[in-house]
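Working notes, beginning with the structure itself.
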Amino acid sequence: QVELVESGGGLVQAGGSLRLSCAASGGTFSIYIIGWFRQAPGKEREFVAAISSTGSIYYADSVKGRFTISRDNAKNTVYLQMNSLKPEDTAVYYCAARPLVVVRTPADYDYWGQGTQVTVSS
């Protein structure tokens, strides 16, 4: 059983930056793929970025070049650095974990955090 806790959300102006953290406990963190997803009001949860156990990285086209995902296995933490934020990035951001293979479908992730709100004002 893996428990995930997100932090770092908040209110920022367009063009600003935030860094989200996803802290894990339980299980063997280093073997898990960690994904970041987001869900805006009235919309489906969507893939943002993922990092594999070996450090391979994947991004949604909408955030490529602006967001950076990284992991620190010694701290059992994955980060999402978000730069050049836009109002359309406003959403609740979730991290999730699964073993073995990176996928972009939320339903294929086994463990989820509670989410952190990111609001970007224009």
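Throughout, residue positions are numbered sequentially from 1 according to the sequence presented. Predicted model, so just to flag it, every value in this text is computed and none were measured.
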Legend entry - Close side-chain approach of L4 to Y94, heavy-atom, < 4.5 Å: no

Legend entry - Spatial distance of atom CZ (F67) from atom CD1 (I57) [nearest 0.5 Å]: 14.5 Å

Inset, instruction - Spell out, as yes or no, whether a donor-acceptor pair under 3.5 Å connects the side chain of Y58 to the backbone of G35. - result: no

Legend entry - Single-linkage hydrophobic cluster I33~I31, side-chain heavy atoms < 4.5 angstrom: no

Inset, instruction - Could you tell me whether the side chain of R38 reaches within less than 4.5 Å of the side chain of V63, counting heavy atoms only? - result: yes

Legend entry - Heavy-atom side-chain proximity of Y32 to D110 below 4.5 angstrom: no

Legend entry - For the student: nearest non-hydrogen atoms of L85 and V12, plus distance: CD1-CG1, 3.6 Å

Inset, instruction - Measure across S17 and N83 and return the closest heavy-atom pair with its distance rounded to 0.1 Å. - result: OG-OD1, 2.9 Å

Legend entry - T90 (side chain) donor-acceptor with V120 (main chain) under 3.5 angstrom: yes

Legend entry - D89 and K86 ion-paired at < 4.0 Å: no

Inset, instruction - Please check if the side chain of R71 supplies one atom and the backbone of S52 the other of a donor-acceptor pair under 3.5 Å. - result: yes

Legend entry - Cluster check V78, Y111: I/L/V/M/F/W/Y, side chain < 4.5 angstrom: yes

Legend entry - Which atom of A97 lies closest to which atom of I34, heavy atoms considered: CB-CD1, 3.7 Å

Legend entry - Side chain to side chain, C95 and L80, heavy atoms closer than 4.5 Å: no

Inset, instruction - Among Q81, K75, M82, find the one that has a side-chain contact (heavy atoms from CB on, under 4.5 Å) with Y79. - result: K75

Inset, instruction - Quick one: pull up OG1 in T116 and CH2 in W36 and give me the separation to the nearest 0.5 Å. - result: 7.5 Å

Inset, instruction - Validate the cation-pi geometry between R45 and F37: distance from NZ or CZ to the six-membered ring centre under 6.0 Å, angle to the ring axis within 45°. - result: no

Inset, instruction - Locate the shortest heavy-atom distance separating A50 from V102; write the atom from each residue and the value. - result: CB-CG1, 3.9 Å

Inset, instruction - Without swapping roles, check the side chain of E6 against the backbone of Q114 for a donor-acceptor pair under 3.5 Å. - result: yes

Legend entry - Heavy-atom pair of closest approach, residues P87 and S122: CG-CB, 3.8 Å

Inset, instruction - Give the intermediate values and the outcome of side-chain contact (heavy atoms from CB on, under 4.5 Å) for residues V103 and Y109. - result: CA-CA 8 Å; V103 295; Y109 282 74; 3.7 Å; yes

Legend entry - Shortest non-hydrogen contact from G26 toward V2: O-CG2, 3.8 Å

Legend entry - Pi-cation contact, Y59 with R66 (under 6.0 Å, within 45°): no

Legend entry - Y93 side, atom OH; C22 side, atom SG - distance, nearest 0.5 Å: 14.5 Å

Inset, instruction - Could you grab the distance from atom OG of S56 to atom CD1 of I51, nearest 0.5 Å is fine? - result: 8.5 Å

